[in-house]
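Have a look at the structure below before the remarks.
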Amino acid sequence: MDGDVVAGHVLVETDYRAEVRGGFLWWRRWASPTEFALLFTRVGAAETRTTALGPADFALFDRWSTDGYVDDTRVLDVLWLDENTSRRLHDEVFAHQH
């Protein structure tokens, strides 16, 4: 938010990944899974940017809540959406399939 005006959207999707340590087919051995986040960012009329974050970067979300989202030369306020509004905007703004 830039004051009372919606300046853009950031969609945060999380998932897990694990590395194959050995084995074959159903005998594979996996490393412990780690969570990661994909950020889809669209501010203003700009193209959507995609960024991947690892667990060490997750403190960024807390900083957005306290310090705002830095976009070039301005700091925008962050408004976290409820699940229903988030789903609607996911389709309207980002329109990608899973």
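No experiment lies behind these values; they were computed from the predicted model shown.
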**Request:** Applying side-chain contact (heavy atoms from CB on, under 4.5 Å), run through M1 and V6 and close with a yes or a no.
**Result:** CA-CA 5 Å; M1 301 292 293; V6 175; 3.8 Å; yes
**Message:** Let's go through L53 and F61 carefully: what are the C-alpha distance in whole Å and the side-chain angles of both, what is the deciding distance for side-chain contact (heavy atoms from CB on, under 4.5 Å) to 0.1 Å, and is it a yes or a no?
**Reply:** CA-CA 11 Å; L53 296 179; F61 305 128; 3.9 Å; yes
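For T85, the side-chain hydrogen bond (donor to acceptor under 3.5 Å, both in side chains) partners at least two apart in sequence or on another chain are D82. Listed by chain and residue number, nothing satisfies the side-chain hydrogen bond (donor to acceptor under 3.5 Å, both in side chains) test with R17 (two or more places apart in sequence, or in another chain). Residues satisfying the side-chain hydrogen bond (donor to acceptor under 3.5 Å, both in side chains) test with E92, not counting sequence neighbours, are R88. Residues forming a side-chain hydrogen bond (donor to acceptor under 3.5 Å, both in side chains) with E19 (at least two apart in sequence, or on another chain): none.
Counting only residues at least two apart or on different chains, the side-chain hydrogen bond (donor to acceptor under 3.5 Å, both in side chains) pairs with a member in residues 62-77 are D2-R74, R49-Y69, S65-W80, D71-R74.
Follow the hydrophobic side-chain contacts under 4.5 Å out from V10 and you never reach L89; the two are in separate clusters. Hydrophobic clustering, with ILVMFWY side chains joined whenever heavy atoms are under 4.5 angstrom apart, groups L11 together with L81.
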Using residues 23-46 as the side-chain source, report each donor-acceptor pair under 3.5 Å to any protein atom, sequence neighbours left out, with the distance given to one decimal.
{"residue": "R42", "atom": "NE", "partner": "T48", "partner atom": "OG1", "Å": "3.0"}
{"residue": "R42", "atom": "NH1", "partner": "V93", "partner atom": "O", "Å": "2.6"}
{"residue": "R42", "atom": "NH2", "partner": "T48", "partner atom": "OG1", "Å": "2.7"}

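With a 4.5 Å cut-off between side-chain heavy atoms of Ile, Leu, Val, Met, Phe, Trp and Tyr, the cluster of V70 takes in V75.
Looking at heavy atoms from C-beta onward, H90 lies out of side-chain contact with H9 at the 4.5 angstrom threshold.
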